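Keep in mind the model is a prediction, meaning the values are calculated, not measured.
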Amino acid sequence: MSRRLSSQLQQKFPEDVYCEKHLELVQLFCVDDQILLCGQCFHSQEHENHLVCGVQEAAGIYRKLFQEILNTLKEKLEVAKSILADEQERMVVIQGEEQDFKEMIESEYRIRFQLMVEEMNFRSLQDCVFNPKLREDHLNQVLAFATELKGQSQETLQRLNDLGKENMNKLKESEGRLSGHICSLQKMTVELEKKCGKYTLMVLQNAGSSLKRSESLLLQCLEQAQITDLSLCQVTGMSRMLKVLQRAVTLDPKTANPCLVLSEDLRSMHLRNVQQDVPRSPGRFVFSATVLGVESFTSGRHYWEVDVEKATKWQLGVSEDSASRHGDLPTASGNKVLLMGSLMGTNYTFWAFPPLKRVSLRGEQMHKVGVFLDCESGHISFYDVANRSLIYNFSSLTFQGALRPIFSLCIPSGVTNSDSLSICLPPVSSCDVTVSPQSSLA
């Protein structure tokens, strides 16, 4: 009988495990302490009131438990790998964003210097200043202002550089933390896979330690690094010359989408849920709630302001005035330059095109957006007029023809939408004032 039992035990446990304390074969498992027991251990006071079961029963329970944990660990491992890949991609993205913002800041201050020179020249012409002493004072003012602008530019660029380094350090720390977590997850999954595939006693050996380490890994939170939006390095201030350049832009009803209702003075637009019965026009927008300005610009510098306070989603910018455009038929990707604003709750998100990319996030209501166009240098800037700060700009663009202001709202999808845009009238003093696009100190 004893020989038969011994033979059965050997078949179940090819590798006998003996109690280190009593040197007896272990056949029991203490659930409370999660350790293997021999007969003497079972009868000791140490395990007197503990839950104890046979190794076969315990192995079945723990094999099932380990398999469930293993599946969860594998899922978390894939999530961790995905987050790590995202963090590594973000490192590349923020380097590109930092370079874009650097170029934007440099081009903005370059334009501001040119506008400042024009402003001073404009004042000199108005005052009929021709004597050498005042001319020398004028040059000194230009040099002083240039020095001030250079200092502001360097200060803004330094803030951008510091923020870029801070973001990169956070991402690198996150990358190291995630890599270590992935390594631990991989080791744990290998360990549990071996346990689930081994014999009964092997499943139960060090079961408590395996459970504790597995649970610790599962409780660790996986999250991306919280980095700061580079758009917080705002370029503040606006040139006073913009008011001189401000144009009295009007809307072209021949291009307006049928969902748009234009005011009698052609300076404002709002959405309606039902399309109007409007005359057919080859230049009318059909698939987007868009309208062009009547004005067409081929040279010079121009500026206009738009009240966006009553719109939750809008687009502003310029569009090439192509005679081949019919409605919204596809055209070259460079035929429009747009800033798009979207209000979600109390946050404003800005997108620029082309290419389509998110460029800014602000937790405040927008009131007026200023659009500045320099045809000669291929420069377009968008400003938050209320805060007197730059939202975004494009530089060194190449235009193929005349440019027209473009305005767009989001067509409602089955819900009432009363969004509207209004073009602001320029100051009376700036109307009909022409300033040469080329500035000169001579």
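Here the side chain of Arg90 pairs a donor or acceptor atom with the backbone of Ala225 at under 3.5 angstrom. Counting only distance, with no hydrogens or angles, the side chain of Arg159 and the backbone of Gln234 share a donor-acceptor pair below 3.5 Å. The backbone N or O of Val286 lies less than 3.5 Å from a partner atom in the side chain of Asn257, making a donor-acceptor pair. No donor-acceptor pair closer than 3.5 Å links the side chain of Glu376 to the backbone N or O of Ser299. Without hydrogens or angle criteria, Ser209 side chain to Asn206 main chain gives no donor-acceptor distance under 3.5 Å. Judged purely by atom type and a 3.5 angstrom limit, Thr156 has no side-chain atom pairing as donor or acceptor with the backbone of Val235. In this structure a side-chain-to-backbone donor-acceptor pair under 3.5 Å is present from Lys76 to Gln220.
Asp374 and Arg301 are joined by a salt bridge, as a carboxylate oxygen and a charged side-chain nitrogen come within less than 4.0 angstrom of each other. Under a 4.0 Å N-O distance rule, the pair Glu166/Lys170 qualifies as a salt bridge. A salt bridge between Glu155 and Lys150 is absent, with no side-chain N of the basic residue lying under 4.0 Å from a carboxylate O of the acidic one. Salt-bridge check for Arg63 with Glu68: failed, with every basic side-chain N at 4.0 Å or more from each acidic carboxylate O. Contact check on Asp229 versus Arg358 returns a salt bridge, with a Lys/Arg side-chain nitrogen under 4.0 Å from an Asp/Glu carboxylate oxygen. Between Asp384 and Lys368 there is no salt bridge, since none of the side-chain N atoms of the basic residue sits less than 4.0 Å from a carboxylate O of the acidic one.
Taking the centre of each ring, Phe29 and Tyr62 come in below the 6.0 Å mark.
One side chain, Ser381 or Glu108, offers a donor N or O that lies under 3.5 Å from an acceptor on the other. Using a 3.5 Å distance cut-off with no hydrogens or angles, the side chains of Gln67 and Asn71 do pair a donor with an acceptor. For the residue pair Gln99/Glu103, the side-chain donor-acceptor check at 3.5 Å is satisfied. Between the side chains of Glu175 and Gln88, a donor-acceptor pair is found at a separation under 3.5 Å. Residues Ser389 and Asn387 bring no donor and acceptor atom of their side chains to less than 3.5 Å of each other.
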For this session: Check step by step if ring pair (Phe, Tyr, Trp, His ring centres under 6.0 Å) holds for Phe285 and Phe287.
Result: CA-CA 6 Å; Phe285 287 89; Phe287 301 111; over 10 Å; no
Exercise. Yes or no on side chain to side chain donor-acceptor pair (under 3.5 Å) for Thr290 and Ser408, after CA distance, side-chain angles and deciding distance?
Worked result: CA-CA 4 Å; Thr290 302; Ser408 186; 2.9 Å; yes
For this session: Output, in order, the C-alpha distance, side-chain angles, deciding distance and verdict of salt bridge (charged side-chain N to carboxylate O under 4.0 Å, His left out) for Lys102 and Glu97.
Result: CA-CA 8 Å; Lys102 180 182 178 183; Glu97 286 181 349; over 6 Å; no
Problem set entry | Chi angles and distances behind the side chain to side chain contact (heavy atoms under 4.5 Å, CB included) call for His302, Gln246 | CA-CA 6 Å; His302 312 275; Gln246 189 168 348; over 6 Å; no
For this session: Could you walk me through whether Lys313 and Leu343 pass side chain to side chain contact (heavy atoms under 4.5 Å, CB included), step by step?
Result: CA-CA 6 Å; Lys313 292 183 180 180; Leu343 178 63; over 6 Å; no
Exercise. Side chain to side chain contact (heavy atoms under 4.5 Å, CB included) between Ile391 and Met366: does it pass, once the steps are laid out?
Worked result: CA-CA 11 Å; Ile391 300 174; Met366 285 294 297; 3.9 Å; yes
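Shortest non-hydrogen contact noted between Leu373 and Ile380 is CD1-CG1, 3.8 Å. The shortest heavy-atom contact between Val385 and Met238 is CA-SD, 4.1 Å. Summarising the geometry of Ala248 relative to Glu295, their closest heavy-atom pair is O-OE2, 3.4 Å, with the distance given to 0.1 Å. Between Met116 and Ala146 the shortest heavy-atom distance is CE-N, 4.4 Å. Scanning both residues, Pro354 and Val337, for their nearest heavy atoms gives CD-CA, 4.2 Å. Contact record, Val55 with Leu36: CG1-CD2, 3.8 Å, taken as the closest heavy-atom pair.
For Ser395, the side-chain contact (heavy atoms from CB on, under 4.5 Å) criterion is met by Ser107, His379, not counting sequence neighbours. In this structure, Asn169 has no side-chain contact (heavy atoms from CB on, under 4.5 Å) partners at least two apart in sequence or on a different chain. Evaluation of the ring-ring contact (aromatic ring centres under 6.0 Å, His included) rule for Phe394 yields Tyr392 as partners, not counting sequence neighbours. Ser210 is linked by a side-chain contact (heavy atoms from CB on, under 4.5 Å) to Phe66, Met188, Glu191, Leu192, Lys195, Arg213, counting only residues two or more places apart in sequence or in another chain. Residues passing the side-chain hydrogen bond (donor to acceptor under 3.5 Å, both in side chains) test with Ser82, sequence neighbours excluded: none. Take Thr312 and apply the side-chain hydrogen bond (donor to acceptor under 3.5 Å, both in side chains) test, not counting sequence neighbours, and it matches Asp419.
Of the inter-residue distances, the one linking Leu115 atom CG with Leu245 atom CG reads 6.5 Å to the nearest 0.5 angstrom. Once rounded to the nearest 0.5 Å, the distance linking CG of Leu403 with CG of Leu397 reads 9.5 Å. The line from CZ of Phe101 to CG of Leu230 is 6.0 Å long, rounded to the nearest 0.5 Å. Separation of atoms CD (Gln154) and CD1 (Ile105) is listed at 12.0 Å; rounding is to 0.5 Å. The NZ atom of Lys336 sits 8.0 Å away from atom CZ of Phe353, with the distance rounded to the nearest 0.5 Å. Atom-to-atom distance recorded for Leu222:CG and Lys81:NZ is 13.0 Å, nearest 0.5 angstrom.
Sparse packing is recorded around CD of Gln226, with 12 or fewer heavy atoms of other residues, nucleotides or ligands lying under 6.0 Å away.
Phe372 is listed as a side-chain neighbour of Leu242, based on a closest heavy-atom distance under 4.5 Å. Two residues are said to be in side-chain contact when any heavy atoms from C-beta on lie closer than 4.5 Å; Ser319 and Arg404 fail this criterion. A heavy-atom distance below 4.5 Å is not found between the side chains of Leu338 and Trp351. Residues Phe407 and Ile423 have side chains in contact (heavy-atom distance under 4.5 Å, counting atoms from C-beta outward). Taking 4.5 Å as the limit, some side-chain heavy atom of Leu163 sits within range of a side-chain heavy atom of Cys233. Between Pro405 and Val318 there is no side-chain heavy-atom pair separated by less than 4.5 Å. Taking 4.5 Å as the limit, every side-chain heavy atom of His367 sits out of range of all side-chain heavy atoms of Val308. Contact of the Glu75 side chain with the Glu78 side chain is not registered, since no non-hydrogen atoms from C-beta on lie closer than 4.5 Å.
The cationic group of Arg112 lies under 6.0 Å from the six-membered ring centre of Tyr109 and within 45° of the ring axis, placing it in a cation-pi geometry.
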